[in-house]
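Working notes, structure below.
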There are 2 protein chains.
Amino acid sequence: MSQCAVVQAIANCGPISRASVAKITGRSKQTVSEIVANLESTGWIQAVGHTEGHIGRRAIVYEISPSAAYVASVDLGGARVRVTLCDLTGTVLTELVEPTNPNGGMAIVDQIARMVRSITALAGKPYDDLHIAVVGVPGVPDPETGAIMMSPNICNIDRIDLAGNLRRQLDVNVIVENDVNLAARGEHWLGNHGEQDDIVYLSVGTGIGAGIVVGGQLLRGRNGAAGEVGFLPFGADPFDPSSLKTGALEQVAATNAIIRQYLARTGVRKTVSEIFDAAETGESNALETLDSVARQIARATVAIIAIIDPSAVVIGGSIGQRTELLDRITHQASKCFPRKIRIEKTRLGAHAAIAGGVVTALHQLHVSLFAAGQSTTEIIIPPSEIENFVAGAA
Amino acid sequence: MSQCAVVQAIANCGPISRASVAKITGRSKQTVSEIVANLESTGWIQAVGHTEGHIGRRAIVYEISPSAAYVASVDLGGARVRVTLCDLTGTVLTELVEPTNPNGGMAIVDQIARMVRSITALAGKPYDDLHIAVVGVPGVPDPETGAIMMSPNICNIDRIDLAGNLRRQLDVNVIVENDVNLAARGEHWLGNHGEQDDIVYLSVGTGIGAGIVVGGQLLRGRNGAAGEVGFLPFGADPFDPSSLKTGALEQVAATNAIIRQYLARTGVRKTVSEIFDAAETGESNALETLDSVARQIARATVAIIAIIDPSAVVIGGSIGQRTELLDRITHQASKCFPRKIRIEKTRLGAHAAIAGGVVTALHQLHVSLFAAGQSTTEIIIPPSEIENFVAGAA
DNA sequence: AGTTAGTTCGTCAAGTTACCGAACTAACTG
DNA sequence: CAGTTAGTTCGGTAACTTGACGAACTAACT
């Protein structure tokens, strides 16, 4: 079907006439006319006016009808649950944030379901127009069982079928994906990278992990464990048995590492943000701690670049995106790799995973609606306005 | 066109009837009949007999006509040039090996062209039936200029357009690709891995490098430098400026590293194979040298697994495939990664790149013949007999 | 051995789908 | 008015499907 191509042309090129769509897609004018008529009658696109001032007959221009359907993107964190409702253009309509229910397990399912239902009500949209929900989780979803493995901060989430239960409660399609993977997709979508660029999102927070987008697709790996950079074999001694529990790199390049290193140097236990504050005042122990951690993260970045050779490595996460650390990482990394390397700060901050959820949802929606039965179709969702996502950051 | 699907079904499922092809491809019987008639008349497939003993009418079975076209796979090494001629089923017909012309540059082009022409003569095949040649080179082909960058062992190869010149001399399509990348494709094709399995081929010889197959496709990276594991930031001090010339890992995990380490321990300069021999006699210095090198290669393997999470890492290269080293690598790697990991010895040995060239050539041939103009078509070349490749190893 | 039922192969004819090309009408600029 | 562009109508085609049917075979029964 050319339907898919037509939808994409309209989505990408904003308000556009049928004649132009025909040129872009390479189909004939009346093939396009037929499809457009069809799409308009089913409500997916709408006419929004005329061209004017050009020579020749005025053209009717069409655009994706934003309110034809909605998608929900959920970021389930250890501390907070964030839910956003977006329209078909990827514009955020409403956002809702709550503390994560500490009971875990089914309580989480109930919480997410309630939040998704109430956000559609808040936005004043009929619930039936919600077509899909994507949930980012801090762990590895098991595609067989739907359980979330390796998620220490949320209890009992590895004992239930999150996707299945949510699907039942919400009565819409549900996709569950690792939050760092979603963040990588989000940055790839909105972070000023080409559609074909390979990018890696490196998240540094309580742990360290990477999401990898190659050829527009997430690299998942055999066990869904691609990007587990915490187990890179340097930092702490990788051959020490203790490195089998907490990875060798993770021991020296995450929240706990900063706290512990500062403690070792000074005998004083401070929180991460206190240590950052101390560094800003020029305290040498704090500065040395940050230097040391940045050095290890820089090595991780170089390891990723040596193996993947991406267009850019985007660094995010609660501590990774702090400029003081980022500058040090960039500086150190450039010292141990022969070519120029591109390390960037996340442009989406805490909303990277949410944005990734939105693009995943929209992609899935387009596939199911317009490419049913087609084997391999490249579907590109045009980037939304980045401000939609960043502005909402609380 | 369904033509592509029909060809694949016949290629994959050996001698097969039209009715079975219809079932496999999901097309109707006479669509298949038409296409088969067409393919038979153009010579790409041939009838080879009847089914028998089954209930019902006998079926005429067809197979790919092996001699409809041929492809050449060339492995250009620093010391040797290896050329093989294969038929459409991926069976090696003839192999030719020569020392690499030491003059480099255009002399290499002339040498390869001469060898390719003479091998078709040797095999007694009309030159016009040769459709494509794939050349594996120890360096990074620049897709713009056709020059081969970073190829220290072959002189002046970075100053000429290898692909273009060969295409002109041979008058067939020519693809030039990095040899480790081809080896990765070869192992992926013949090494008992699933079509969708991600595998990494790690070559350890004069240098260390990896070829990465993800989702059936080579991972190339922004600069074509994916898999440059020599620059992984451990082994030697990665922040030392000397690690910008020879990568930190490459300094301790390749031919020279073995020689130098043994020299440092004993004061004696031996070749790599002499050191392996010494290790076999139980000489402790040699054993310790191998242990130390294996330890670093194991770290490289773990780094790859942590980032890519492939189904398997296949180790090859002149020293990587030596069992003494491989056993040590496997053992050390398992000690610093929490999950079970699959490290395998190359099954193709020196013929991995050749096999990769063959599958690349056959793939390209199928695309150009049967999928012309189609956007994205998965084309799977059924594995050939691995013996065809390994047996020829000299 | 002969008959009959059941199965599968391959073909024929008619219909469907998704597209295209060319001619045509509509609406605008200058 | 001519010139230009937008959209429609009409007819046509390539690729595929569906369903009916004869040919060729096996198996089982008489």
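Every chain is numbered from 1 and lettered A, B, ... according to where its sequence line falls, protein lines coming before strand lines.
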Relative to the 5' end of DNA chain C, which residue comes earlier, A:Q3 or B:I55, by the nucleotide with the nearest heavy atom?
B:I55
Name all residues meeting the side chain to side chain contact (heavy atoms under 4.5 Å, CB included) criterion together with B:S311; count only those two or more places apart in sequence or in a different chain, and write none if there are none.
A:R222, B:D197
Not counting sequence neighbours, which residues clear side chain to side chain contact (heavy atoms under 4.5 Å, CB included) with B:R168? List them please.
B:N165
5' to 3' contact window, DNA chain C with chain A (heavy-atom distance under 4.0 Å)
C:dA18 to C:dT29
With sequence neighbours excluded, tell me which residues meet side-chain hydrogen bond (donor to acceptor under 3.5 Å, both in side chains) with A:E34.
none
What stem regions, each of at least 3 consecutive Watson-Crick or G-U pairs below 3.5 Å, can be found for DNA chain D?
C:1-30 with D:1-30
For B:T31, enumerate each residue passing the side-chain hydrogen bond (donor to acceptor under 3.5 Å, both in side chains) test, keeping only those at least two apart in sequence or located in another chain.
B:S28
Short side-chain to backbone donor-acceptor contact, B:Y70 and B:P126, under 3.5 Å
no
Sequence neighbours left out, what pairs pass side chain to side chain donor-acceptor pair (under 3.5 Å) with at least one residue falling in residues 35-47 of chain A?
A:Q46-A:S65
Taking only residues two or more places apart in sequence, or in another chain, which ones meet B:R220 in a salt bridge (charged side-chain N to carboxylate O under 4.0 Å, His left out)?
B:E177
Using the side-chain hydrogen bond (donor to acceptor under 3.5 Å, both in side chains) criterion, which residues pair with A:Q3? Sequence neighbours excluded.
none
Contacts of A:R167 meeting side chain to side chain contact (heavy atoms under 4.5 Å, CB included) (sequence neighbours excluded), chain-then-number -> A:A163, A:N173, A:V174
Strand-adjacent residues in residues 17-32 of chain A, judged by heavy atoms under 4.0 Å from DNA chain C:
A:G26, A:R27, A:S28, A:Q30, A:T31
Quick one: side chain to side chain contact (heavy atoms under 4.5 Å, CB included) partners of B:H50, sequence neighbours excluded?
B:R58, B:I60
